[in-house]
Amino acid sequence: MQIYKQRVETWLRNLLTSKPTDGNDLRAAMVYSVLNNGKRLRPALVYATGQILNVPLEQLDAAAASVELIHCYSLVHDDLPAMDDDDLRRGMPTCHKAYSEATAILTGDALQALAFQILADTELNPISPQQQIAMVHCLAKAAGPAGMVLGQAQDLAAEYKAVTLDELTTLHSNKTGALFCASVEMALIASQHNNDPIIREALLGYAYNLGLAFQIQDDILDITSDDATLGKPVGSDQALGKSTFPGLLGLSAAQHKANTTFEQALACLEQIKGDNSHLKALADLLVIRQK
Ligand code: GRG
């Protein structure tokens with residue numbers, strides 16, 4: 001996982017720092033919001049899926065970087081006063097605190113556009129034009145009004161309201177799960193197995209369950225961790241009147257659900273032949289994560 005993290009960070013550093021700044025804060029704010037203490041889970045998911053499908057890493061770099069750029073944009077916008085209004089992200093002042101609200105809005109906009117620009121670039125993304133189009137479509141669908149942005153809208157609408165477990169699960173599968181699934185699917189697109197329904201279902205089942213378990217755990221850490229460990233304020237769910245898995249189920253039942261969901265993710269991998277050690281390692285890392 002460290003190798004994947006370093007690989008995507010080097011790639012992103014080259015991308016973001018190869019051009020001179022234009023005499024304003026935009027590029028610096030983009031670098032600030034991307035080249036920091038992120039865990040790079042989604043890029044690791046792209047690369048680890050590529051491992052089981054025998055895809056060379058060079059054909060996955062743009063996909064790995066693009067999903068991280070979309071994720072970073074979502075964090076910058078999510079932290080804005082009109083959204084979750086957070087001061088701390090990845091252990092540092094949020095983008096709008098370090099720069100300004102206007103710069104943070106533009107930074108998110110720019111990171112989002114850049115994600116699609118690199119997917120469609122023949123030099124940066126050395127795969128066939130059909131595969132490029134399929135990746136652009138996959139990521140746009142996951143990030144947009146049927147995926148992450150929908151999840152964010154559902155999240156905002158659910159504040160200070162009672163939601164059911166099903167509604168909470170749907171909200172998070174859009175808000176968080178969609179990008180996990182897109183990470184796996186983009187590696188599938190780069191492979192020779194894109195039309196294999198068994199492999200597709202198994203990998204997407206893994207990603208869906210991993211994303212859900214990750215989110216349940218995120219809700220648990222928001223109660224049990226501390227600001228310094230988490231790199232962002234704990235207790236923010238309660239402060240914003242958000243429904244959470246521990247809130248609906250109780251802490252110990254939520255922990256149990258996280259564990260069984262991780263197990264379901266791993267069970268999906270058993271349907272596929274190939275070296276699944278990295279996908280397993282990624283799930284294991286998430287089970288023990290503290291931030
Ligand atoms: C503003 C359009 C828009 C969308 C925002 C994903 C999202 C939607 C907001 C992020 C806020 C949040 C707490 C989402 C839950 C998913 C989650 C735990 C994100 C943090 O992901 P990590 O832990 O973060 O992978 P790092 O910093 O390690 O990359």
Side-chain angles (χ1 to χ4, degrees), residues 1 4-5 8-9 12 32-46 64-65 67-86 88-96 101 104-105 107-109 111-113 115 139-140 142-159 168-169 171-183 207 210-223 225 227 229-240 242-245 258 282-283 285-291:
M1 294 306 118
Y4 292 154
K5 181 167 154 56
V8 76
E9 285 180 351
L12 285 165
Y32 180 84
S33 304
V34 175
L35 300 176
N36 49 27
N37 199 21
K39 294 187 289 296
R40 318 302 182 196
L41 295 177
R42 295 148 193 83
L45 205 43
V46 175
V67 71
E68 183 66 17
L69 289 173
I70 293 287
H71 171 58
C72 292
Y73 123 68
S74 82
L75 298 180
V76 170
H77 279 192
D78 186 64
D79 290 334
L80 285 166
M83 301 261 182
D84 276 6
D85 193 12
D86 275 320
L88 204 60
R89 169 69 64 185
R90 293 175 168 174
M92 302 191 316
T94 44
C95 185
H96 66 276
E101 263 182 66
I105 292 169
T107 297
D109 294 340
L111 295 176
Q112 174 167 213
L139 189 60
M148 184 182 74
V149 173
L150 170 63
Q152 181 76 348
Q154 289 170 324
D155 195 27
L156 292 173
E159 283 178 5
L168 190 63
T169 304
L171 178 171
H172 286 306
S173 69
N174 290 324
K175 187 174 152 185
T176 315
L179 282 195
F180 273 60
C181 289
S183 304
L210 193 71
L212 182 58
F214 174 82
Q215 185 58 56
I216 300 169
Q217 210 182 28
D218 205 64
D219 286 357
I220 294 170
L221 289 173
D222 191 60
I223 300 170
S225 189
D227 292 12
T229 310
L230 214 52
K232 61 182 183 181
V234 294
S236 58
D237 290 337
Q238 199 181 5
L240 289 167
K242 295 202 175 186
S243 293
T244 63
F245 289 97
L282 184 51
L285 263 187
L286 291 193
V287 170
I288 57 163
R289 82 182 170 112
Q290 301 295 325
K291 65 170 191 167

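Start at 1 with the first residue, then count along the sequence. Counting starts at 1 for both ligands and their atoms, in listed order.
Of all protein heavy atoms, the one lying nearest to atom 14 (C) of ligand 1 is Lys175 CE, 3.5 Å. Ranking the protein heavy atoms by distance from atom 9 (C) of ligand 1 puts Asp78 CG, 3.5 Å first. Given atom 2 (C) of ligand 1, the protein heavy atom at minimum distance is Tyr73 OH, 3.5 Å. For atom 8 (C) of ligand 1, the closest heavy atom belonging to the protein is Gln152 OE1, 3.3 Å. What sits closest to atom 17 (C) of ligand 1 on the protein, heavy atoms only, is Phe214 CE2, 3.9 Å. Of the protein's heavy atoms, Lys232 NZ, 4.0 Å lies nearest to atom 13 (C) of ligand 1. At the shortest separation from atom 25 (O) of ligand 1 among protein heavy atoms lies Arg42 NH1, 2.8 Å.
A search for ring-ring contact (aromatic ring centres under 6.0 Å, His included) contacts involving His71 returns nothing, not counting sequence neighbours. Evaluation of the ring-ring contact (aromatic ring centres under 6.0 Å, His included) rule for Phe180 yields Phe214 as partners, not counting sequence neighbours.
Residue contacts with ligand 1, taken as heavy atom pairs separated by less than 4.0 Å, do not involve Leu179 at all. Contacts of Arg90 with ligand 1, taken as heavy-atom pairs under 4.0 Å, involve the side chain alone. Neither the backbone nor the side chain of His172 has a heavy atom within less than 4.0 Å of ligand 1.
Lys242 has a carboxylate O that lies under 4.0 Å from a charged side-chain N of Asp84, or vice versa, which qualifies the two as a salt bridge.
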Working for side-chain contact (heavy atoms from CB on, under 4.5 Å), residues Ile70 and Met148:
CA-CA 10 Å; Ile70 293 287; Met148 184 182 74; 4.0 Å; yes
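The backbone N or O of Phe245 sits less than 3.5 Å from a side-chain atom of Asp219, completing a donor-acceptor pair. Using modelled atom types, no side-chain atom of Thr229 and backbone atom of Ser225 make a donor-acceptor pair closer than 3.5 Å. Checking side-chain atoms of Gln217 against main-chain N and O of Leu286 turns up a donor-acceptor pair under 3.5 Å. A donor-acceptor pair under 3.5 Å is absent between the side-chain atoms of Asn174 and the main chain of Leu171, judged by distance alone. Within the 3.5 Å criterion, the main-chain N or O of Gly177 finds no donor-acceptor partner in the side chain of His172. At distances below 3.5 Å, not a single donor-acceptor pair connects side-chain atoms of Lys39 with backbone N or O atoms of Lys5.
Within the listing of ligand 1, atoms 1 (C), 4 (C), 5 (C), 6 (C), 7 (C) sit less than 4.0 angstrom from a heavy atom of Ser74. Interface atoms of ligand 1 facing Gln215, defined by a heavy-atom separation under 4.0 Å, are 15 (C), 16 (C). For ligand 1, the atoms sitting less than 4.0 Å from at least one non-hydrogen atom of Leu75 are 10 (C), numbered in the order shown with element in parentheses. In summary, the atoms of ligand 1 found under 4.0 Å from a heavy atom of Lys39, numbered by their order in the structure, are 22 (P), 23 (O), 24 (O), 25 (O), 26 (P), 28 (O), 29 (O). Near Val149, the atoms of ligand 1 lying under 4.0 angstrom from a non-hydrogen atom of the residue are 2 (C). Interface atoms of ligand 1 facing Leu41, defined by a heavy-atom separation under 4.0 Å, are 25 (O). Every atom of ligand 1 is numbered from 1 in the order shown, and the set under 4.0 Å from a heavy atom of His71 is 20 (C), 21 (O), 22 (P), 24 (O), 25 (O), 26 (P), 29 (O). Remark: ligand 1 atoms within the under-4.0 Å shell around heavy atoms of Asp218 are 18 (C).
In plain terms, the two heavy atoms of Cys95 and Ser33 that are nearest each other are SG-OG, 3.5 Å. For the residue pair Ser183 and Val46, the shortest heavy atom distance occurs at O-CG2, 3.5 Å.
Here's the thing with Thr176: none of its N/O atoms is less than 3.5 angstrom from an N/O atom of ligand 1.
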